[in-house]
Number of protein chains: 2
Amino acid sequence: MNQTRRDVFQAISDPTRREIIGLLARHSLNLNKVADHFTMSRPAVAKHIRILTECGLVIVQTRGRETYCQADLKGLKQVSEWANTYQEFWNDKLDALERLLDEDPSDENL
Amino acid sequence: MNQTRRDVFQAISDPTRREIIGLLARHSLNLNKVADHFTMSRPAVAKHIRILTECGLVIVQTRGRETYCQADLKGLKQVSEWANTYQEFWNDKLDALERLLDEDPSDENL
DNA sequence: TATAAATGAAACCATACGGTTTCCAAAAAA
DNA sequence: TTTTTTGGAAACCGTATGGTTTCATTTATA
C-alpha cells in the first residue's frame with residue numbers, strides 16, 4: 001500500500017475502488033458512510049480511498065472529526081481516451097480492411 | 001499469475017501490458033517479436049501475454065514452432081463505456097450544477 | 001541428421017496488494 | 001465532563017504480481 005507510481009489505470013483495476021468511484025460520483029460522503037456500503041472493514045475501505053486520492057480521482061478534506069471524500073474524475077478522461085484509441089476493434093464499420101491486412105500471417109516477420 | 005477471475009480492468013492496469021496491446025493492435029506478432037520490444041525477459045513477456053489472453057484481449061494461435069499473437073480489443077469497449085459514465089467530470093459544459101449541489105457539505109449525511 | 005530457433009514450464013524470489021485486528025487521538029454530543 | 005463518533009496508524013497475514021533463471025520440447029533449417 002506504498003506510494004509506488006500510482007496511476008489511474010492501476011487505481012481503477014480493483015472492483016471495490018470502481019464501486020467507491022460510483023458512490024462518490026453521485027454524492028460526496030465521509031469515510032464511514034462509504035464503508036457502510038461494503039462488508040469489508042473500514043480500514044480496508046480507507047486504504048482504497050487513499051489509493052484513489054493518490055492518483056487524484058478522489059479528494060479528501062478533513063472537516064472536524066470526519067473525512068469528507070469527493071470524487072474528481074477528470075483523471076478518467078485519460079482512460080477513456082486510451083481505450084477509444086482502439087475503438088476500431090469494436091466498431092465494426094471502421095477499418096475492417098486495415099485489420100484484415102494485419103491478420104495476414106505474412107506480416108508476422110516484421 | 002494464476003487464473004483468478006481475470007478481468008479487463010486488471011489486465012490493462014499494467015503499463016507493459018498496455019504497451020503490448022499497442023504493439024499488437026498495429027500488427028500481429030509472434031512471442032519473440034513482442035519480447036524484442038522490451039528489456040525484460042521473454043518469459044516475463046509471455047506471462048503478460050497470457051494474462052491478456054485470459055481476458056480475451058489477445059488471441060494466441062500456435063503455428064509450427066511459434067506462438068502467433070493477435071489483438072482482439074473488443075473487450076476495451078467495456079472500459080471505454082465505464083469511463084464515459086463519468087464523462088460529466090471532465091466535460092465542463094455538463095452538469096456543473098448537479099455537481100455543485102453535491103459538493104455542498106449539507107449533503108454529507110446521506 | 002545435427003543444430004538452431006521458438007517457446008512452454010517449473011522453480012524461485014522480493015515486494016505489492018487486499019485484507020484483518022488492535023489501539024490511539026481528536027471532535028462532538030450527552 | 002464523560003462518552004460516542006470518526007478515523008488514523010501500526011502490525012500482521014496470506015496470496016498475487018512481476019520478474020528471474022534454468023531446462024526440456026518441438027519445429028525448422030543447414
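Here is the naming used below: chain letters follow the sequence lines, and residue numbers restart at 1 for every chain. The analysis underlying the following values was restricted to heavy atoms, covering all of them including side chains, and did not include hydrogens, waters or symmetry mates.
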Counting side-chain heavy atoms from C-beta on, which of D:dT17, D:dT22, C:dC17 comes nearest to B:P43? D:dT22
Closest to the 5' end of DNA chain C, once B:N32 and A:A44 are matched to their nearest nucleotides, is B:N32
Quick one: which of B:L23, B:L29, B:L52, B:I49 gives a side chain to side chain contact (heavy atoms under 4.5 Å, CB included) with B:C69? B:I49
Rounded to whole angstroms, how far apart are NE2 on A:H48 and C1' on C:dT20? 12 Å
Can you check whether B:R6 has a side-chain N or O nearer than 4.0 Å to OP1 or OP2 of D:dT17? yes
Please give, in whole Å, the distance from C:dA5 P to B:N30 CG? 14 Å
A:R17 atom CZ is separated from C:dA16 atom C1', nearest whole Å, by 11 Å
Calculate the interatomic distance between A:R18 atom CZ and C:dG18 atom C1'; express it in whole Å. 15 Å
In whole angstroms, the gap separating P of C:dG18 from CD of A:Q10 amounts to 7 Å
Using heavy atoms to find the nearest nucleotide of DNA chain C for A:M40 and B:A46 separately, return the residue whose nucleotide is more 5′. B:A46
What's the CG-P distance between A:L52 and C:dC17, to the nearest Å? 13 Å
Interatomic distance, A:R42 CZ vs D:dA10 C1' [rounded to whole Å]: 13 Å
Ion pair check, B:D36 and B:R42, cut-off under 4.0 Å: no
Classify the nucleic acid contact of B:S41 as base, sugar-phosphate or nothing, counting any heavy atom under 4.0 Å across all strands shown. base
Quantified as the angle between the terminal helix axes (five pairs each), what is the overall bend of the helix from C:dT1-D:dA30 to C:dA30-D:dT1 to 10 degrees? 10°
Which nucleotide in the set C:dT21, C:dC17, D:dG19 lies at the smallest distance from any side-chain heavy atom of B:T16? D:dG19
Below 4.0 angstrom from OP1 or OP2 of C:dA9, is there any side-chain N or O of B:R50? yes
Within this structure, what is the CZ-to-P distance between A:R65 and C:dC24, rounded to whole angstrom? 20 Å
Within one Ile-Leu-Val-Met-Phe-Trp-Tyr cluster: B:I59 and B:I12, side-chain cutoff 4.5 Å: no
Does a distance-only test, which skips hydrogens and angles, find a donor-acceptor pair under 3.5 Å between the side chain of B:K47 and the base of D:dT20? yes
Is B:V58 close to B:D72 at the side-chain level, that is, under 4.5 Å between some pair of heavy atoms? no
Are any of A:T62's side-chain N or O atoms less than 4.0 Å away from OP1 or OP2 of D:dG7? no
May I have the step-by-step check of ring-ring contact (aromatic ring centres under 6.0 Å, His included) for B:W82 and B:Y86, ending in yes or no? CA-CA 8 Å; B:W82 178 81; B:Y86 305 106; 5.5 Å; yes
For side-chain hydrogen bond (donor to acceptor under 3.5 Å, both in side chains), just list the numbers for A:T67 and A:N30, CA-CA rounded to whole Å, side-chain angles, deciding distance to a tenth of an Å, and then say yes or no. CA-CA 5 Å; A:T67 299; A:N30 65 25; over 6 Å; no
Less than 4.0 angstrom from a charged side-chain N to a carboxylate O is my criterion; do A:K47 and A:D14 meet it? no
